[in-house]
Amino acid sequence: MVSRPVTLSFSIGSRRLFAIERHLADIAYSLDDLTSGQRPHALGGPGADGLRVLSAPPCDIPFWQAQFPRHRIGAVQHYRRHFIAMQHGFDDYMANFSGKTRSTLRRKRRRFEKADGGGLDLRCYRSEREIAEFLALATPVARKTYQARLLDAALPDDAESQREILGAAARDAVRAFLLFLKGEPVAYLYLPVDGTTLIYAFLGYDPAHAELSPGTVLQMGALEHLFAERRFTHFDFTEGDGAHKALFGTDSLPCCTFVLLTPQWRNITALASHAAFESAVEVGKRILSGSRAEEFVRRALGR
């Protein structure tokens with residue numbers, strides 16, 4: 001297993017307050033693993049501080065604890081892993097939405113087209129040369145997104161990551177999209193390809209144009225293009241839940257992500273602190289609800 005720095009985030013909603021970094025190796029379940037009942041191979045050993053298991057079925061927690069009995073489990077997150085079954089056409093996919101939702105999606109697209117003079121300037125990038133152009137145009141947009149400002153989860157702009165992206169493009173293992181407004185890119189979507197599965201890796205948009213719903217318009221336009229290729233069987237939204245994933249997904253599976261850390265005092269303290277913080281956030285959510293909770297969070301964060 002390859003180990004790398006991983007952060008344990010202390011967050012309220014999408015706002016990360018602070019994080020603790022640990023050096024972990026990842027064990028990640030693919031969508032194929034989940035649908036076939038298989039487990040990923042744990043090659044090599046854990047990182048200096050342990051490992052992180054991504055998108056495991058909850059019933060597999062005891063298995064991984066048994067594989068690493070001295071390690072302490074923590075930061076357990078339960079969620080639905082959403083995906084789109086793409087075996088049928090785009091029209092069949094759209095039929096999964098309610099009439100009201102279809103109308104809303106069409107209205108958002110028309111509003112964006114009107115702002116751009118009447119058309120949708122959506123461009124697909126695939127070859128190594130095209131992906132190089134995509135990176136040059138998308139990276140400045142990525143730096144403006146809330147994923148970059150709050151989550152450290154924007155399209156990577158370091159040289160090593162971009163070399164890996166170009167290498168994947170050379171193998172025809174990438175699809176990427178940019179949405180333009182008056183000739184300027186305002187939203188991007190980057191999708192690695194794993195066999196016949198598209199991996200939802202990075203989506204972001206310039207917050208200056210949030211009122212035009214560029215992320216939603218881009219997602220729908222990209223899906224229409226991808227269905228037309230007739231190559232892909234699944235669009236995998238990967239780890240974590242979210243309204244965007246739940247809206248566009250056609251199916252979902254129960255999953256969890258957790259860490260197994262070595263029993264050093266600093267790791268035990270980190271897990272205990274994270275558990276106490278998450279518990280406090282949950283209590284706050286139960287006490288406060290709806291707009292009161294949102295107002296409380298805004299005030300707590302000074303926004």
Side-chain angles (χ1 to χ4, degrees), residues 82-84 86 89-91 93-94 97 105-106 108-113 115-148 153-157 161-162 164-210 212-238 242 244-245 247-250:
H82 298 277
F83 61 95
I84 300 171
M86 300 181 69
F90 184 71
D91 289 342
Y93 169 68
M94 290 299 294
F97 296 105
L105 293 171
R106 286 193 294 266
K108 288 182 176 182
R109 174 164 174 159
R110 287 195 301 269
R111 185 174 59 188
F112 193 96
E113 289 174 337
D116 198 32
L120 190 69
D121 189 357
L122 175 66
R123 307 177 195 179
C124 177
Y125 301 82
R126 175 174 173 175
S127 69
E128 186 174 4
R129 178 186 59 79
E130 291 170 344
I131 292 298
E133 179 184 355
F134 166 81
L135 291 172
L137 293 169
T139 299
V141 179
R143 291 172 181 154
K144 301 176 185 178
T145 64
Y146 85 90
Q147 291 93 339
L155 183 73
D157 59 3
S161 294
Q162 295 205 349
E164 292 177 359
I165 290 172
L166 291 171
R171 302 189 301 273
D172 193 27
V174 170
R175 295 293 183 274
F177 296 85
L178 280 171
L179 180 63
F180 289 78
L181 179 64
K182 298 179 180 177
E184 296 293 327
V186 296
Y188 70 90
L189 175 63
Y190 174 76
L191 308 166
V193 176
D194 180 13
T196 60
T197 298
L198 293 152
I199 309 298
Y200 179 82
F202 301 105
L203 180 143
Y205 60 85
D206 185 341
H209 303 288
L212 293 174
S213 306
T216 298
V217 174
L218 171 56
Q219 180 77 68
M220 288 305 302
L223 284 172
E224 185 172 10
H225 179 98
L226 294 165
F227 269 99
E229 273 200 55
R230 298 187 178 277
R231 167 181 169 179
F232 305 107
T233 59
H234 294 91
F235 186 109
D236 181 11
F237 284 105
T238 70
H244 183 88
K245 299 178 179 184
L247 172 63
F248 289 106
T250 59

For the residue pair Ile84 and Phe248, what are the closest heavy atoms and their distance?
CG1-O, 3.3 Å

Closest approach of His209 and Leu181, non-hydrogen atoms and distance?
ND1-CD2, 3.5 Å

Rounded to the nearest 0.5 Å, what's the gap from OG1 on Thr250 to NE2 on His234? Could you check?
8.0 Å

Please test Leu166 against Leu135 for side chain to side chain contact (heavy atoms under 4.5 Å, CB included), starting from the C-alpha separation and ending with a verdict.
CA-CA 9 Å; Leu166 291 171; Leu135 291 172; 4.3 Å; yes

Donor-acceptor check, side chain of Ser161 to backbone of Asp157, threshold 3.5 angstrom: yes or no?
no

Give the intermediate values and the outcome of salt bridge (charged side-chain N to carboxylate O under 4.0 Å, His left out) for residues Arg126 and Glu229.
CA-CA 12 Å; Arg126 175 174 173 175; Glu229 273 200 55; 3.8 Å; yes

Do you know which of Val174, Leu155, Thr139 makes side-chain contact (heavy atoms from CB on, under 4.5 Å) with Phe134?
Leu155

Would you indicate whether Arg111, at its atom CZ, is surrounded by more than 12 heavy atoms from other residues, nucleotides or ligands within a distance under 6.0 Å?
yes

What class does the angle between the rings of Phe97 and Tyr93 fall in, given that below 30° is parallel, 30 to 60° is tilted and above 60° is perpendicular?
perpendicular

Expected output: side-chain Arg171 to main-chain Gly167 donor-acceptor under 3.5 Å:
yes

Would you find a donor on one side and an acceptor on the other, under 3.5 Å apart, between the side chain of Lys245 and the backbone of Phe237?
yes

Closest approach of Leu189 to Ala222 (non-hydrogen atoms, all atoms of both residues):
CD2-CB, 3.7 Å

Kindly give the heavy-atom pair with the smallest separation between Tyr200 and His244, and that separation in Å.
OH-CD2, 3.5 Å

Are the side chain of Asp116 and the backbone of Lys182 linked by a donor-acceptor contact shorter than 3.5 Å?
yes

How long is the straight-line distance from CZ of Phe177 back to CG of Leu122, given to the nearest 0.5 Å?
6.5 Å

Can any side-chain N or O of Tyr190 pair as donor or acceptor with the backbone N or O of Ala138 at less than 3.5 Å?
no

Do Tyr125 and Ile131 pass the side chain to side chain contact (heavy atoms under 4.5 Å, CB included) test, and can you show the C-alpha distance, the side-chain angles, and the key distance before you say yes or no?
CA-CA 6 Å; Tyr125 301 82; Ile131 292 298; 3.9 Å; yes

